[in-house]
S.K.: 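Below are the C-alpha coordinates for one structure; questions will follow.
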Amino acid sequence: MSTSLRTRLSSLRYAASALTFLLTGCVSGPDHVPPQMPLPVKFEEGGNKSNGNVVTAEWWTAYRDKRLDGLVAHGLSENLDVLQALESINSASANVTVAGAGGLPSLTVDASHTLSGEKGRLRTTVGTTNTTGGEANLSWLLDFFGQYRRSRESAIASLGAAYATADNAKLTFLKDLVESYIDARYYQERIVLSKASLKSRQQTYELTQLQLKAGAASRLDVVQAEGLVQSTKSDIPGLEKSFTESAHHIATLIGMPASALMGELQKSAGQPVFRGDLRAGIPADLIRNRPDIRKAERELAAAVADIGAAEAQLYPSISLSGSISPSWVKSSGAKGASLTSWSFGPSLNLPIFDGGTLRANVDIEKSDAKTQYLAWKAAVLNGVEEVENALSAVRHDTQTLEPLRRQVQTAQESLALSTTSYKDGASSLLDILEAQRSVSDAEASLAGTVQQVAKDYVDLYVAIGAGYLEPQQVATKPAAKSG
(Lines give C-alpha, C1' and ligand atoms only; values in the text may rest on other atoms or scores of the structure.)
Protein backbone atom coordinates (compact mmCIF):
# COMPACT_ATOMS: atom_id res chain seq x y z
CA MET A 1 0.00 0.00 0.00
CA SER A 2 1.42 3.39 -0.97
CA THR A 3 2.23 6.02 1.64
CA SER A 4 -0.25 8.51 0.18
CA LEU A 5 -3.11 6.00 0.24
CA ARG A 6 -2.25 4.99 3.78
CA THR A 7 -2.28 8.67 4.76
CA ARG A 8 -5.72 9.22 3.17
CA LEU A 9 -7.22 6.20 4.95
CA SER A 10 -5.78 7.38 8.25
CA SER A 11 -7.31 10.81 7.72
CA LEU A 12 -10.70 9.27 6.96
CA ARG A 13 -10.54 7.24 10.20
CA TYR A 14 -9.74 10.36 12.20
CA ALA A 15 -12.59 12.24 10.52
CA ALA A 16 -15.04 9.41 11.23
CA SER A 17 -13.90 9.27 14.87
CA ALA A 18 -14.31 13.02 15.23
CA LEU A 19 -17.82 12.88 13.76
CA THR A 20 -18.74 10.01 16.08
CA PHE A 21 -17.46 11.99 19.07
CA LEU A 22 -19.54 15.00 18.06
CA LEU A 23 -22.65 12.91 17.58
CA THR A 24 -22.35 11.00 20.87
CA GLY A 25 -20.40 13.20 23.24
CA CYS A 26 -22.42 16.41 23.26
CA VAL A 27 -25.69 15.49 24.95
CA SER A 28 -27.59 18.33 26.58
CA GLY A 29 -29.28 18.20 29.93
CA PRO A 30 -28.74 16.17 33.11
CA ASP A 31 -28.52 12.37 33.23
CA HIS A 32 -31.17 10.58 35.26
CA VAL A 33 -30.02 9.25 38.61
CA PRO A 34 -32.37 6.89 40.48
CA PRO A 35 -33.94 8.96 43.29
CA GLN A 36 -33.35 8.18 46.93
CA MET A 37 -34.96 9.17 50.20
CA PRO A 38 -34.42 8.14 53.84
CA LEU A 39 -36.65 5.27 54.97
CA PRO A 40 -37.02 3.53 58.33
CA VAL A 41 -35.10 0.28 58.79
CA LYS A 42 -38.32 -1.63 59.51
CA PHE A 43 -42.04 -1.15 59.72
CA GLU A 44 -43.37 -0.26 63.15
CA GLU A 45 -45.11 -3.62 63.55
CA GLY A 46 -42.93 -5.60 61.15
CA GLY A 47 -39.58 -7.38 61.21
CA ASN A 48 -36.19 -6.34 59.90
CA LYS A 49 -35.85 -9.09 57.28
CA SER A 50 -36.11 -8.19 53.59
CA ASN A 51 -38.76 -9.92 51.51
CA GLY A 52 -36.68 -9.86 48.36
CA ASN A 53 -38.64 -10.08 45.13
CA VAL A 54 -42.28 -10.92 45.92
CA VAL A 55 -43.87 -10.02 42.56
CA THR A 56 -44.43 -13.72 41.80
CA ALA A 57 -45.74 -14.71 45.25
CA GLU A 58 -49.20 -16.28 44.82
CA TRP A 59 -50.39 -15.13 48.22
CA TRP A 60 -54.10 -15.77 47.48
CA THR A 61 -53.43 -19.54 47.52
CA ALA A 62 -52.99 -19.24 51.30
CA TYR A 63 -56.80 -19.04 51.53
CA ARG A 64 -56.79 -22.65 50.30
CA ASP A 65 -59.80 -22.13 48.07
CA LYS A 66 -59.57 -23.80 44.65
CA ARG A 67 -62.45 -21.75 43.27
CA LEU A 68 -60.64 -18.54 44.16
CA ASP A 69 -57.42 -19.82 42.59
CA GLY A 70 -59.28 -20.58 39.37
CA LEU A 71 -60.92 -17.16 39.28
CA VAL A 72 -57.57 -15.42 39.70
CA ALA A 73 -55.88 -17.50 37.00
CA HIS A 74 -58.69 -16.85 34.54
CA GLY A 75 -59.06 -13.18 35.39
CA LEU A 76 -55.39 -12.23 34.98
CA SER A 77 -55.64 -13.14 31.30
CA GLU A 78 -59.17 -11.85 30.68
CA ASN A 79 -59.69 -8.74 32.81
CA LEU A 80 -60.41 -5.83 30.49
CA ASP A 81 -58.57 -3.22 32.56
CA VAL A 82 -55.46 -5.39 32.55
CA LEU A 83 -55.75 -5.99 28.80
CA GLN A 84 -56.08 -2.27 28.14
CA ALA A 85 -53.00 -1.54 30.21
CA LEU A 86 -51.05 -4.26 28.39
CA GLU A 87 -52.07 -2.83 25.03
CA SER A 88 -50.70 0.57 26.04
CA ILE A 89 -47.26 -1.08 26.16
CA ASN A 90 -47.43 -1.61 22.39
CA SER A 91 -48.13 2.07 21.85
CA ALA A 92 -45.29 3.11 24.17
CA SER A 93 -42.93 0.70 22.40
CA ALA A 94 -43.78 2.24 19.02
CA ASN A 95 -43.16 5.70 20.48
CA VAL A 96 -39.55 4.67 21.19
CA THR A 97 -39.04 4.13 17.46
CA VAL A 98 -40.78 7.39 16.58
CA ALA A 99 -38.74 9.38 19.11
CA GLY A 100 -35.39 8.14 17.80
CA ALA A 101 -36.26 8.32 14.10
CA GLY A 102 -35.61 12.08 13.87
CA GLY A 103 -31.88 11.59 14.43
CA LEU A 104 -31.51 9.04 11.64
CA PRO A 105 -31.06 9.68 7.88
CA SER A 106 -34.28 9.92 5.90
CA LEU A 107 -34.55 8.78 2.28
CA THR A 108 -37.60 9.14 0.04
CA VAL A 109 -37.87 8.02 -3.56
CA ASP A 110 -40.50 9.11 -6.12
CA ALA A 111 -41.04 7.88 -9.69
CA SER A 112 -43.42 8.94 -12.45
CA HIS A 113 -44.25 8.32 -16.10
CA THR A 114 -46.24 10.78 -18.24
CA LEU A 115 -47.67 10.42 -21.75
CA SER A 116 -48.60 13.80 -23.29
CA GLY A 117 -49.73 15.17 -26.66
CA GLU A 118 -52.14 17.58 -28.37
CA LYS A 119 -55.52 17.28 -30.08
CA GLY A 120 -57.71 19.73 -31.95
CA ARG A 121 -57.39 22.11 -34.94
CA LEU A 122 -54.83 24.33 -33.25
CA ARG A 123 -52.38 21.57 -32.32
CA THR A 124 -48.73 22.28 -33.11
CA THR A 125 -47.44 18.73 -32.68
CA VAL A 126 -48.76 15.50 -34.05
CA GLY A 127 -47.03 12.79 -32.01
CA THR A 128 -46.93 12.04 -28.32
CA THR A 129 -44.23 12.57 -25.76
CA ASN A 130 -43.20 10.00 -23.13
CA THR A 131 -41.58 11.41 -20.02
CA THR A 132 -40.14 9.12 -17.36
CA GLY A 133 -38.66 10.62 -14.26
CA GLY A 134 -37.67 9.92 -10.70
CA GLU A 135 -36.42 11.72 -7.60
CA ALA A 136 -34.51 10.63 -4.54
CA ASN A 137 -34.28 12.94 -1.50
CA LEU A 138 -31.92 12.37 1.41
CA SER A 139 -31.90 14.38 4.63
CA TRP A 140 -30.08 13.95 7.92
CA LEU A 141 -30.21 16.21 10.94
CA LEU A 142 -26.88 15.93 12.77
CA ASP A 143 -27.92 15.49 16.39
CA PHE A 144 -24.87 17.20 17.89
CA PHE A 145 -26.59 18.16 21.15
CA GLY A 146 -28.65 15.04 21.66
CA GLN A 147 -32.19 16.30 21.09
CA TYR A 148 -33.36 13.04 19.57
CA ARG A 149 -31.25 10.89 21.85
CA ARG A 150 -32.84 12.55 24.86
CA SER A 151 -36.26 12.18 23.27
CA ARG A 152 -35.59 8.48 22.80
CA GLU A 153 -34.46 8.18 26.43
CA SER A 154 -37.73 9.81 27.46
CA ALA A 155 -39.70 7.38 25.29
CA ILE A 156 -37.84 4.39 26.75
CA ALA A 157 -38.59 5.62 30.27
CA SER A 158 -42.23 6.06 29.29
CA LEU A 159 -42.19 2.47 28.04
CA GLY A 160 -41.00 1.40 31.49
CA ALA A 161 -43.83 3.44 33.00
CA ALA A 162 -46.28 1.62 30.71
CA TYR A 163 -45.02 -1.75 31.97
CA ALA A 164 -45.40 -0.54 35.55
CA THR A 165 -48.91 0.71 34.78
CA ALA A 166 -49.85 -2.74 33.49
CA ASP A 167 -48.38 -4.33 36.62
CA ASN A 168 -50.37 -1.93 38.77
CA ALA A 169 -53.54 -2.82 36.86
CA LYS A 170 -52.93 -6.49 37.69
CA LEU A 171 -52.39 -5.66 41.36
CA THR A 172 -55.58 -3.58 41.42
CA PHE A 173 -57.45 -6.44 39.78
CA LEU A 174 -56.17 -8.94 42.35
CA LYS A 175 -57.30 -6.75 45.23
CA ASP A 176 -60.74 -6.16 43.73
CA LEU A 177 -61.31 -9.80 42.79
CA VAL A 178 -60.16 -11.41 46.04
CA GLU A 179 -62.01 -8.90 48.20
CA SER A 180 -65.18 -9.34 46.13
CA TYR A 181 -64.88 -13.11 46.58
CA ILE A 182 -64.44 -12.65 50.34
CA ASP A 183 -67.55 -10.43 50.37
CA ALA A 184 -69.58 -13.00 48.43
CA ARG A 185 -68.65 -15.76 50.88
CA TYR A 186 -69.42 -13.44 53.82
CA TYR A 187 -72.93 -12.75 52.52
CA GLN A 188 -73.44 -16.48 52.02
CA GLU A 189 -72.42 -17.08 55.64
CA ARG A 190 -74.78 -14.36 56.83
CA ILE A 191 -77.62 -15.92 54.84
CA VAL A 192 -76.95 -19.30 56.45
CA LEU A 193 -76.84 -17.72 59.92
CA SER A 194 -80.01 -15.73 59.28
CA LYS A 195 -81.88 -18.82 58.14
CA ALA A 196 -80.72 -20.71 61.24
CA SER A 197 -81.78 -17.78 63.41
CA LEU A 198 -85.12 -17.65 61.62
CA LYS A 199 -85.68 -21.34 62.36
CA SER A 200 -84.88 -20.80 66.04
CA ARG A 201 -87.14 -17.78 66.31
CA GLN A 202 -89.91 -19.57 64.46
CA GLN A 203 -89.73 -22.38 67.01
CA THR A 204 -89.91 -19.84 69.82
CA TYR A 205 -92.92 -18.24 68.19
CA GLU A 206 -94.69 -21.60 67.92
CA LEU A 207 -93.81 -22.39 71.54
CA THR A 208 -95.27 -19.08 72.63
CA GLN A 209 -98.50 -19.82 70.80
CA LEU A 210 -98.75 -23.11 72.67
CA GLN A 211 -98.06 -21.31 75.94
CA LEU A 212 -100.81 -18.82 75.10
CA LYS A 213 -103.30 -21.61 74.57
CA ALA A 214 -102.25 -23.15 77.90
CA GLY A 215 -102.70 -19.79 79.61
CA ALA A 216 -98.99 -19.52 80.42
CA ALA A 217 -98.25 -16.66 78.03
CA SER A 218 -99.86 -13.40 77.04
CA ARG A 219 -100.84 -12.06 73.66
CA LEU A 220 -97.99 -9.56 74.03
CA ASP A 221 -95.52 -12.44 74.21
CA VAL A 222 -96.87 -13.88 70.97
CA VAL A 223 -96.71 -10.53 69.18
CA GLN A 224 -93.13 -9.93 70.30
CA ALA A 225 -92.03 -13.38 69.16
CA GLU A 226 -93.74 -12.92 65.79
CA GLY A 227 -92.10 -9.51 65.35
CA LEU A 228 -88.66 -11.06 65.77
CA VAL A 229 -89.52 -13.71 63.16
CA GLN A 230 -90.59 -11.09 60.64
CA SER A 231 -87.50 -8.97 61.34
CA THR A 232 -85.24 -11.91 60.57
CA LYS A 233 -87.17 -12.70 57.39
CA SER A 234 -86.69 -9.12 56.20
CA ASP A 235 -82.89 -9.36 56.56
CA ILE A 236 -82.46 -12.31 54.19
CA PRO A 237 -83.49 -10.66 50.86
CA GLY A 238 -81.00 -7.84 51.42
CA LEU A 239 -78.20 -10.31 52.08
CA GLU A 240 -79.14 -12.31 48.98
CA LYS A 241 -79.08 -9.09 46.94
CA SER A 242 -75.61 -8.23 48.23
CA PHE A 243 -74.34 -11.72 47.37
CA THR A 244 -75.75 -11.44 43.86
CA GLU A 245 -74.11 -8.06 43.34
CA SER A 246 -70.74 -9.43 44.51
CA ALA A 247 -71.10 -12.40 42.14
CA HIS A 248 -71.96 -10.09 39.25
CA HIS A 249 -68.92 -7.94 39.99
CA ILE A 250 -66.66 -11.00 40.04
CA ALA A 251 -68.06 -12.04 36.65
CA THR A 252 -67.32 -8.57 35.26
CA LEU A 253 -63.78 -8.63 36.63
CA ILE A 254 -62.92 -11.93 34.95
CA GLY A 255 -64.75 -11.15 31.70
CA MET A 256 -67.45 -13.82 31.99
CA PRO A 257 -71.25 -13.69 31.77
CA ALA A 258 -72.77 -13.68 35.25
CA SER A 259 -75.04 -16.58 34.34
CA ALA A 260 -72.02 -18.79 33.63
CA LEU A 261 -70.52 -18.06 37.04
CA MET A 262 -73.51 -17.80 39.36
CA GLY A 263 -74.11 -21.52 39.69
CA GLU A 264 -70.51 -22.14 40.72
CA LEU A 265 -70.47 -19.34 43.28
CA GLN A 266 -73.77 -20.40 44.81
CA LYS A 267 -72.07 -23.56 46.02
CA SER A 268 -71.16 -22.45 49.51
CA ALA A 269 -67.51 -22.96 50.44
CA GLY A 270 -67.35 -21.17 53.79
CA GLN A 271 -65.62 -17.90 54.53
CA PRO A 272 -62.00 -17.65 53.29
CA VAL A 273 -59.43 -17.73 56.08
CA PHE A 274 -55.81 -16.79 55.38
CA ARG A 275 -53.45 -19.57 56.47
CA GLY A 276 -50.12 -18.24 55.22
CA ASP A 277 -47.16 -16.47 56.75
CA LEU A 278 -47.18 -12.79 57.59
CA ARG A 279 -44.51 -11.31 55.29
CA ALA A 280 -44.20 -7.55 55.22
CA GLY A 281 -40.48 -7.15 54.51
CA ILE A 282 -38.84 -3.77 55.04
CA PRO A 283 -39.70 -0.34 53.60
CA ALA A 284 -36.81 -0.45 51.10
CA ASP A 285 -38.45 -3.48 49.43
CA LEU A 286 -41.35 -1.31 48.28
CA ILE A 287 -39.18 0.71 45.87
CA ARG A 288 -38.42 -2.48 43.94
CA ASN A 289 -41.71 -4.34 44.29
CA ARG A 290 -44.51 -1.77 44.11
CA PRO A 291 -45.44 -0.96 40.50
CA ASP A 292 -46.84 2.47 41.34
CA ILE A 293 -43.46 3.50 42.77
CA ARG A 294 -41.63 2.11 39.74
CA LYS A 295 -44.06 3.96 37.48
CA ALA A 296 -43.35 7.23 39.31
CA GLU A 297 -39.58 6.65 38.98
CA ARG A 298 -39.87 5.97 35.24
CA GLU A 299 -41.98 9.09 34.78
CA LEU A 300 -39.27 11.04 36.60
CA ALA A 301 -36.65 9.56 34.23
CA ALA A 302 -38.75 10.63 31.24
CA ALA A 303 -39.10 14.15 32.64
CA VAL A 304 -35.31 14.44 33.18
CA ALA A 305 -34.66 13.33 29.60
CA ASP A 306 -37.15 15.92 28.37
CA ILE A 307 -34.99 18.62 29.98
CA GLY A 308 -32.11 17.61 27.70
CA ALA A 309 -34.34 17.55 24.64
CA ALA A 310 -35.55 21.07 25.45
CA GLU A 311 -32.03 22.37 26.10
CA ALA A 312 -30.79 20.94 22.79
CA GLN A 313 -33.18 23.25 20.96
CA LEU A 314 -31.27 26.24 22.36
CA TYR A 315 -28.25 25.36 20.23
CA PRO A 316 -27.59 25.43 16.47
CA SER A 317 -28.58 22.45 14.36
CA ILE A 318 -27.07 21.30 11.08
CA SER A 319 -28.92 19.30 8.46
CA LEU A 320 -27.45 17.57 5.44
CA SER A 321 -29.79 17.23 2.50
CA GLY A 322 -29.48 16.24 -1.11
CA SER A 323 -31.56 15.17 -4.06
CA ILE A 324 -31.12 13.64 -7.49
CA SER A 325 -33.77 13.78 -10.22
CA PRO A 326 -33.09 11.76 -13.40
CA SER A 327 -35.58 12.03 -16.30
CA TRP A 328 -35.91 10.62 -19.81
CA VAL A 329 -37.99 12.24 -22.58
CA LYS A 330 -38.90 10.70 -25.93
CA SER A 331 -41.14 12.30 -28.59
CA SER A 332 -42.69 10.51 -31.54
CA GLY A 333 -40.32 10.44 -34.47
CA ALA A 334 -37.36 11.62 -32.39
CA LYS A 335 -34.66 10.02 -30.33
CA GLY A 336 -35.02 9.99 -26.58
CA ALA A 337 -32.90 12.22 -24.37
CA SER A 338 -32.11 12.23 -20.65
CA LEU A 339 -31.56 14.92 -18.08
CA THR A 340 -30.34 14.50 -14.51
CA SER A 341 -30.39 17.27 -11.93
CA TRP A 342 -28.93 17.00 -8.45
CA SER A 343 -28.21 19.04 -5.36
CA PHE A 344 -26.43 18.55 -2.05
CA GLY A 345 -25.45 20.76 0.83
CA PRO A 346 -25.75 21.50 4.53
CA SER A 347 -28.15 23.92 6.19
CA LEU A 348 -27.68 25.67 9.52
CA ASN A 349 -30.49 26.60 11.89
CA LEU A 350 -29.40 29.09 14.52
CA PRO A 351 -32.03 30.20 17.07
CA ILE A 352 -31.38 33.83 17.97
CA PHE A 353 -34.59 35.68 18.80
CA ASP A 354 -37.61 33.67 19.88
CA GLY A 355 -39.09 35.83 22.60
CA GLY A 356 -37.75 33.51 25.29
CA THR A 357 -39.87 30.54 24.17
CA LEU A 358 -37.06 27.98 24.05
CA ARG A 359 -35.64 28.97 27.43
CA ALA A 360 -39.15 28.91 28.91
CA ASN A 361 -39.59 25.38 27.54
CA VAL A 362 -36.49 24.32 29.46
CA ASP A 363 -37.87 25.85 32.65
CA ILE A 364 -41.16 24.04 32.09
CA GLU A 365 -39.40 20.68 31.74
CA LYS A 366 -37.29 21.35 34.85
CA SER A 367 -40.41 22.17 36.83
CA ASP A 368 -42.09 19.02 35.53
CA ALA A 369 -39.09 16.94 36.63
CA LYS A 370 -39.28 18.42 40.13
CA THR A 371 -42.99 17.65 40.21
CA GLN A 372 -42.31 14.04 39.17
CA TYR A 373 -39.67 13.73 41.88
CA LEU A 374 -42.17 14.89 44.49
CA ALA A 375 -44.73 12.47 43.05
CA TRP A 376 -42.19 9.65 43.45
CA LYS A 377 -41.58 10.60 47.08
CA ALA A 378 -45.33 10.74 47.69
CA ALA A 379 -45.74 7.26 46.15
CA VAL A 380 -43.05 5.85 48.45
CA LEU A 381 -44.52 7.44 51.57
CA ASN A 382 -48.02 6.32 50.59
CA GLY A 383 -46.73 2.77 50.13
CA VAL A 384 -45.10 2.78 53.56
CA GLU A 385 -48.30 4.10 55.13
CA GLU A 386 -50.43 1.43 53.46
CA VAL A 387 -48.18 -1.36 54.73
CA GLU A 388 -48.10 0.10 58.24
CA ASN A 389 -51.91 0.34 58.29
CA ALA A 390 -52.32 -3.19 56.92
CA LEU A 391 -49.97 -4.64 59.54
CA SER A 392 -51.83 -2.84 62.30
CA ALA A 393 -55.19 -4.00 60.95
CA VAL A 394 -54.06 -7.63 60.74
CA ARG A 395 -52.77 -7.60 64.31
CA HIS A 396 -55.71 -5.83 65.93
CA ASP A 397 -58.51 -7.49 63.96
CA THR A 398 -57.01 -10.94 64.50
CA GLN A 399 -56.96 -10.32 68.25
CA THR A 400 -60.75 -9.89 68.26
CA LEU A 401 -61.50 -13.26 66.66
CA GLU A 402 -61.09 -15.47 69.73
CA PRO A 403 -63.17 -13.25 72.06
CA LEU A 404 -65.91 -13.15 69.43
CA ARG A 405 -65.89 -16.94 69.08
CA ARG A 406 -66.20 -17.24 72.84
CA GLN A 407 -69.01 -14.67 72.82
CA VAL A 408 -70.94 -16.78 70.30
CA GLN A 409 -70.54 -19.84 72.50
CA THR A 410 -71.73 -18.07 75.63
CA ALA A 411 -74.68 -16.52 73.78
CA GLN A 412 -75.72 -19.93 72.44
CA GLU A 413 -75.42 -21.44 75.91
CA SER A 414 -77.48 -18.59 77.36
CA LEU A 415 -80.18 -19.18 74.73
CA ALA A 416 -80.34 -22.88 75.54
CA LEU A 417 -80.68 -22.16 79.27
CA SER A 418 -83.30 -19.47 78.72
CA THR A 419 -85.37 -21.77 76.51
CA THR A 420 -85.32 -24.56 79.08
CA SER A 421 -86.18 -22.16 81.87
CA TYR A 422 -89.07 -20.68 79.86
CA LYS A 423 -90.52 -24.12 79.19
CA ASP A 424 -90.38 -24.79 82.90
CA GLY A 425 -92.12 -21.49 83.62
CA ALA A 426 -89.13 -20.12 85.53
CA SER A 427 -88.36 -17.23 83.16
CA SER A 428 -90.16 -14.92 80.79
CA LEU A 429 -90.27 -14.86 77.01
CA LEU A 430 -88.23 -11.68 77.02
CA ASP A 431 -85.25 -13.69 78.29
CA ILE A 432 -85.46 -15.98 75.26
CA LEU A 433 -85.91 -13.13 72.79
CA GLU A 434 -82.96 -11.26 74.26
CA ALA A 435 -80.82 -14.41 74.16
CA GLN A 436 -81.75 -15.03 70.52
CA ARG A 437 -80.89 -11.46 69.65
CA SER A 438 -77.53 -11.83 71.40
CA VAL A 439 -76.76 -15.02 69.46
CA SER A 440 -77.68 -13.36 66.16
CA ASP A 441 -75.59 -10.27 66.88
CA ALA A 442 -72.59 -12.28 68.08
CA GLU A 443 -72.63 -14.57 65.03
CA ALA A 444 -72.94 -11.58 62.68
CA SER A 445 -70.04 -9.83 64.42
CA LEU A 446 -67.86 -12.92 64.16
CA ALA A 447 -68.65 -13.37 60.46
CA GLY A 448 -67.91 -9.70 59.84
CA THR A 449 -64.58 -9.91 61.64
CA VAL A 450 -63.59 -13.06 59.74
CA GLN A 451 -64.39 -11.15 56.56
CA GLN A 452 -62.34 -8.14 57.67
CA VAL A 453 -59.30 -10.18 58.69
CA ALA A 454 -59.34 -11.94 55.33
CA LYS A 455 -59.40 -8.52 53.63
CA ASP A 456 -56.61 -7.24 55.88
CA TYR A 457 -54.28 -9.84 54.41
CA VAL A 458 -55.31 -8.78 50.91
CA ASP A 459 -54.49 -5.18 51.78
CA LEU A 460 -51.12 -6.20 53.20
CA TYR A 461 -49.94 -8.25 50.25
CA VAL A 462 -51.18 -5.73 47.72
CA ALA A 463 -49.47 -2.96 49.71
CA ILE A 464 -46.08 -4.74 49.52
CA GLY A 465 -46.57 -5.30 45.77
CA ALA A 466 -46.88 -9.08 45.72
CA GLY A 467 -48.20 -11.53 43.18
CA TYR A 468 -48.91 -9.60 39.98
CA LEU A 469 -46.41 -11.45 37.75
CA GLU A 470 -45.90 -15.08 36.84
CA PRO A 471 -42.29 -16.37 37.02
CA GLN A 472 -41.95 -16.64 33.24
CA GLN A 473 -43.09 -13.04 32.87
CA VAL A 474 -40.27 -11.89 35.11
CA ALA A 475 -37.78 -13.90 33.07
CA THR A 476 -38.93 -12.56 29.69
CA LYS A 477 -39.97 -9.03 30.57
CA PRO A 478 -37.67 -6.53 28.81
CA ALA A 479 -35.91 -4.00 30.97
CA ALA A 480 -36.75 -0.34 30.36
CA LYS A 481 -33.30 1.17 30.17
CA SER A 482 -32.65 4.87 29.81
CA GLY A 483 -29.76 5.96 27.68
S.K.: Looking only at heavy atoms, what is the nearest atom pair of P30 and R150, with distance?
M.R.: O-NH2, 3.5 Å
S.K.: If you count every heavy atom of other residues, nucleotides or ligands that lies below 6.0 Å from Q266 atom CD, does the total exceed 12?
M.R.: yes
S.K.: Could you walk me through whether F274 and Y457 pass the ring-ring contact (aromatic ring centres under 6.0 Å, His included) test, one step at a time?
M.R.: CA-CA 7 Å; F274 192 86; Y457 281 100; 4.2 Å; yes
S.K.: Are D397 and K455 close enough for a salt bridge, meaning some N to O gap below 4.0 Å?
M.R.: no
S.K.: Closest approach of I293 and L286, non-hydrogen atoms and distance?
M.R.: CD1-O, 3.7 Å
S.K.: Indicate whether the side chain of S180 and that of S246 have a donor and an acceptor atom separated by less than 3.5 Å.
M.R.: no
S.K.: Please determine, by modelled atom types, if D306 and S154 share a side-chain donor-acceptor pair under 3.5 angstrom.
M.R.: yes
S.K.: Rounded to the nearest 0.5 Å, what separation is found between the CG atom of D143 and the CZ atom of R152?
M.R.: 12.0 Å
S.K.: Just checking, any donor-acceptor pair under 3.5 angstrom between side chains of E386 and N389?
M.R.: no
S.K.: Can you see whether E443 engages Q412 through a side-chain donor-acceptor pair at a distance of less than 3.5 angstrom?
M.R.: yes
S.K.: Side chains of H249 and E179: is there a donor and an acceptor less than 3.5 Å apart?
M.R.: no
S.K.: Please determine whether ring-ring contact (aromatic ring centres under 6.0 Å, His included) holds for the pair Y186 and Y181, giving the CA-CA distance in whole Å, both sets of side-chain angles, and the decisive distance to 0.1 Å.
M.R.: CA-CA 9 Å; Y186 162 73; Y181 186 83; over 10 Å; no
S.K.: Checking side-chain polar atoms at under 3.5 Å, does N168 have a donor or acceptor matched by the opposite partner on Y468?
M.R.: no
S.K.: Could you give me the CA-CA distance, side-chain angles and deciding distance for L401 and V453, then say whether side-chain contact (heavy atoms from CB on, under 4.5 Å) is met?
M.R.: CA-CA 9 Å; L401 283 173; V453 171; 4.1 Å; yes
S.K.: If the threshold is 4.0 Å, N to carboxylate O, is there a salt bridge linking D285 and R290?
M.R.: no
S.K.: Using a strict 4.0 Å threshold on nitrogen-to-oxygen distance, state whether R395 and D456 make a salt bridge.
M.R.: no
S.K.: Using a 4.5 Å cut-off on heavy atoms from C-beta on, say whether the side chain of R201 contacts that of S440.
M.R.: yes
S.K.: Can you confirm whether more than 12 heavy atoms, excluding those of D110, are under 6.0 Å from its CG atom?
M.R.: yes
S.K.: Does a side-chain N-to-carboxylate-O contact under 4.0 Å join R406 and E402?
M.R.: no
S.K.: Verify the distance criterion only: is there a donor paired with an acceptor across the side chains of H396 and S392 at less than 3.5 Å?
M.R.: yes
S.K.: Is W59 reaching over with its side chain to a backbone N or O of G276, donor-acceptor style, under 3.5 angstrom?
M.R.: no
S.K.: Salt bridge between E189 and R185, side-chain N to carboxylate O under 4.0 Å?
M.R.: no
S.K.: Roughly how far, to the nearest 0.5 Å, is the CD atom of Q313 from the OG1 atom of T357?
M.R.: 10.5 Å
S.K.: By the definition side chain to side chain contact (heavy atoms under 4.5 Å, CB included), identify the one residue from V273, D69, V458 that meets it with Y63.
M.R.: V458
S.K.: Quick one about Q451 and D183 (side-chain donor to acceptor, distance below 3.5 Å, no hydrogens or angles considered), yes or no?
M.R.: yes
